[in-house]
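Basis for what follows: all heavy atoms, side chains included, without hydrogens, waters or symmetry-related copies. Note that this is a predicted model, so its numbers are computed, not measured.
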Amino acid sequence: MGSMIPSRLERLVESHTVLTSPSLCPELLVRHATSLIALWERIDAEVDGGASEPPFWACSWPGSQALARYCLDHSEVARGRRALDLGCG
């Protein structure tokens, strides 16, 4: 983020998510949707005009947690790199 002023979407996501630790990676904090449907409806209404996909990114899927756990346990594999969780759900 280039600006310290949160965008409308950032404020929307923050208002419908909570910081929590995934069960497989308790040392991490991630934002989880308090309700995927409520978040989806708000994004549709306020941002996308009814064209958004379900916010499946707003929960920690088991595959995502397994990837994170592997990277944490095998830091030599991930050190200095970025990981993209694409379709781990």
For residues 16-30, dump all side-chain donor-acceptor pairs below 3.5 Å to protein atoms at least two apart in sequence or in another chain.
residue : atom : partner : partner atom : Å
H16     : ND1  : L12     : O            : 3.2
T17     : OG1  : V13     : O            : 2.7
T17     : OG1  : R31     : NH1          : 3.0
S21     : OG   : P26     : O            : 3.2
S21     : OG   : L28     : O            : 3.0
S23     : OG   : Q65     : OE1          : 3.4
E27     : OE1  : R69     : NH1          : 3.0
E27     : OE2  : R69     : NH1          : 3.3
E27     : OE2  : R69     : NH2          : 2.8

- Task: Apply side-chain hydrogen bond (donor to acceptor under 3.5 Å, both in side chains) to R79 and list each qualifying residue two or more places apart in sequence or on a separate chain.
- Result: S75
- To which residues is W40 joined in a hydrophobic cluster, defined by side-chain heavy-atom contacts under 4.5 Å among Ile, Leu, Val, Met, Phe, Trp and Tyr, whether direct or through other members? I37
- Query: Rounded to the nearest 0.5 Å, how far does CD of E41 lie from OG of S35?
  - Reply: 7.5 Å
